[in-house]
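Note that this is a predicted model, so its numbers are computed, not measured. Worth knowing before you read on, the calculation uses all heavy atoms, side chains too, and leaves out hydrogens, waters and symmetry mates.
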Amino acid sequence: MAIHFLVTTAIPEPGLQLLRDAGQVTVLAEPPDYGTLAALCASGDFDVVLTQLRDRMDAPLLAAARVRGVSNFAVGYNNIDVDAATRHGILVGNTPGVLTDATADIAMLLILGTARRVVEADRLVRDGRFSGWEPELLLGRDVSGAVLGLAGFGRIARATARRALGFGMDVLFAPRPPGDRHVSDDELGEFAGKVRQVTWNELVQRSDFLSLHVPLTDQTRHLVDDDVLQRMKPEAILINTARGPVVHEAALVEALHSGTIAGAGLDVFEDEPQLTPGLAALPNTVLLPHIGSATVPVRNEMARLSALNAVAIAEGRVLPHAVNPLLGA
Ligand code: 8YV
């Protein structure tokens with residue numbers, strides 16, 4: 001019988017073509033709700049399902065699913081209960097590596113955009129309120145010499161560090177917040193002597209820009225809560241290109257409103273696409289619609305990788321990028 005792939009949302013053509021070359025492909029016309037997705041996965045009609053971040057693949061869905069694998073069109077896989085998938089012998093794949101630089105670019109863009117008040121400045125020009133150069137019009141902050149604190153020190157954090165060092169920032173990191181773990185000079189590689197490891201607590205207190213680069217897990221949900229925001233500098237800016245729920249968004253809105261911290265640059269939100277009331281009205285924010293990986297080459301490559309994972313699952317071969325590697329090996 002021909003292999004049958006279920007694609008919950010159309011992905012770029014290079015990925016779809018690989019799937020079509022390997023079997024039959026059903027692309028849903030619109031993103032499925034949870035019940036529809038669960039029914040499709042349980043139907044026995046599909047070998048592999050190619051999912052997006054908004055497709056919740058939780059334990060009950062996976063227990064009833066009659067698919068061999070789930071290929072996520074993302075590096076993050078917090079939408080999938082990987083332990084449950086492993087228990088049910090369902091393989092999970094993701095798309096690491098290809099989006100590292102693009103996402104670090106967006107982190108840097110948010111650092112620069114918040115520091116130099118780009119949204120306020122753009123709006124002033126568009127609204128016809130630019131009445132000529134003024135010595136104190138929209139004064140921002142210097143990025144060079146400022147302390148960038150990286151929460152996490154994986155691929156995207158390192159790529160952000162590389163950019164920040166080029167801008168003359170003083171880069172600190174805490175590798176696994178809220179816990180601490182020592183990173184040896186060997187592990188630091190090219191960054192040895194250029195960036196400094198501190199505890200999570202120090203990072204919170206010393207950063208002018210605190211940038212989040214952790215996966216969403218039970219340990220990192222609401223990592224930045226009211227308590228953390230209170231311990232940040234009043235002039236600090238929070239940058240989030242990781243996952244929205246890593247920040248307690250209501251506490252952030254309150255902190256921005258009351259001046260507990262100075263600003264925020266966010267590419268992700270706690271309950272996407274909803275925003276916590278009050279967030280959009282705050283001038284000291286730059287808000288982006290989850291576009292960290294949104295370049296044409298990167299999305300094409302993510303499509304290719306997710307398709308290669310899906311085809312490997314369907315054909316019983318080792319996945320190029322397995323999340324539950326014991327099953328994938
Ligand atoms: C994706 C992302 O575009 O890869 C990730 O983890 O957050 C983004 O690059 C998004 O998840 C689409 O599913």
Side-chain angles (χ1 to χ4, degrees), residues 76 103-124 138-143 146-152 156-157 160-161 163-164 167 169 171-174 177-178 200-201 203-216 220-292 294:
T103 308
D105 286 345
I106 289 289
M108 202 64 223
L109 176 148
L110 288 171
I111 292 169
L112 292 167
T114 48
R116 301 303 297 272
R117 305 173 62 183
V118 73
V119 171
E120 290 169 85
D122 179 272
R123 187 163 301 148
L124 180 131
L138 282 167
L139 300 188
R141 345 242 297 243
D142 284 325
V143 159
V147 175
L148 171 63
L150 299 167
I156 297 172
T160 306
R163 285 155 177 73
F167 276 87
M169 297 186 86
V171 181
L172 307 179
F173 72 98
W200 168 232
N201 194 31
L203 196 81
V204 165
Q205 292 177 2
R206 290 174 59 181
S207 297
D208 296 312
F209 295 85
L210 179 62
S211 189
L212 307 177
H213 301 279
V214 291
L216 175 61
T220 63
R221 186 175 297 276
H222 287 185
L223 175 70
V224 177
D225 57 7
D226 181 53
D227 174 57
V228 164
L229 290 160
Q230 295 293 340
R231 284 185 285 124
M232 288 171 71
K233 294 180 184 173
E235 61 273 23
I237 291 177
L238 181 71
I239 305 293
N240 192 4
T241 54
R243 285 291 182 262
V246 173
V247 176
H248 186 197
E249 207 166 273
L252 174 64
V253 170
E254 179 50 35
L256 290 168
H257 195 69
S258 61
T260 303
I261 66 167
L266 309 175
D267 184 43
V268 287
F269 302 93
E270 187 165 357
D271 186 22
E272 281 176 33
Q274 310 298 326
L275 301 190
T276 295
L279 182 58
L282 290 163
N284 48 346
T285 55
V286 176
L287 309 177
L288 302 179
H290 200 148
I291 53 167

Are the side chain of S207 and the backbone of V204 linked by a donor-acceptor contact shorter than 3.5 Å?
no
Between A107 and I239 the two heavy atoms that sit nearest each other are O-CG2, 4.1 Å
Closest non-hydrogen atoms of G265 and I237, given as atom of the first, atom of the second and distance, are N-CG2, 4.5 Å
Within-4.5 Å side-chain heavy-atom neighbours: T260 and M232:
no
Minimum heavy-atom distance between A151 and W200, given as atom pair plus value
CB-CZ3, 3.8 Å
Could you check whether any side-chain N or O of D208 sits under 3.5 Å from a backbone N or O of A236, counting only pairs where one atom can act as donor and the other as acceptor?
no
According to side-chain hydrogen bond (donor to acceptor under 3.5 Å, both in side chains), who are the partners of D225, at least two apart in sequence or on a separate chain?
none
Report yes or no: does R206 contribute a side-chain atom to a donor-acceptor pair with the main-chain N or O of L172 at less than 3.5 Å?
no
From I291 CD1 over to T103 OG1, what is the distance, rounded to the nearest 0.5 angstrom?
10.5 Å
For the side chain of T220 and the backbone of P215, is there at least one donor-acceptor N/O pair under 3.5 Å apart?
yes
Kindly say whether F269 contributes a backbone atom to a donor-acceptor pair with the side chain of E272 at under 3.5 angstrom?
yes
NE2 of H248 to CD of E254: how many Å apart, nearest 0.5 Å?
11.0 Å
Would you please test H213 and F173 for side chain to side chain contact (heavy atoms under 4.5 Å, CB included) and show each step?
CA-CA 10 Å; H213 301 279; F173 72 98; over 6 Å; no
Is the backbone of L216 close enough, under 3.5 Å, to the side chain of R221 for a donor and an acceptor to pair up by distance?
no
Decide yes or no for L112 and F167: does some side-chain heavy atom of the first lie under 4.5 Å from some side-chain heavy atom of the second?
yes
T241 and V268 have their tightest heavy-atom pair at C-CG2, 4.2 Å
Could you tell me which non-hydrogen atom of A115 sits nearest to which non-hydrogen atom of V143, and how far apart they are?
CB-CG2, 3.7 Å
When rounded to the nearest 0.5 Å, the distance separating CE of M108 from OG1 of T160 is 8.5 Å
Between F209 and T114, is a side chain to side chain contact (heavy atoms under 4.5 Å, CB included) present by the stated rule, with each step listed?
CA-CA 10 Å; F209 295 85; T114 48; 3.9 Å; yes
Roughly how far, to the nearest 0.5 Å, is the CG atom of L210 from the NZ atom of K233?
11.0 Å
Rounded at 0.5 Å granularity, tell me how far CG in L252 sits from CG in L256.
4.5 Å
Side-chain contact test, heavy atoms from C-beta onward, threshold under 4.5 Å: evaluate it for E270 versus V247 and give yes or no.
no
Rounded to the nearest 0.5 Å, how far apart are CG of L266 and CG of N240?
6.0 Å
Do M169 and R163 have side chains that get closer than 4.5 Å, going by heavy atoms?
no
Counting heavy atoms not belonging to R141, are there more than 12 under 6.0 Å from its CZ?
yes
If only atom types and distance count, is the side chain of N284 paired as donor or acceptor with the main-chain N or O of A262 below 3.5 Å?
yes
Exercise: identify the closest heavy-atom pair between L203 and G149:
CD1-CA, 3.5 Å
Counting only heavy atoms not in R123, do more than 12 sit closer than 6.0 Å to its CZ atom?
no
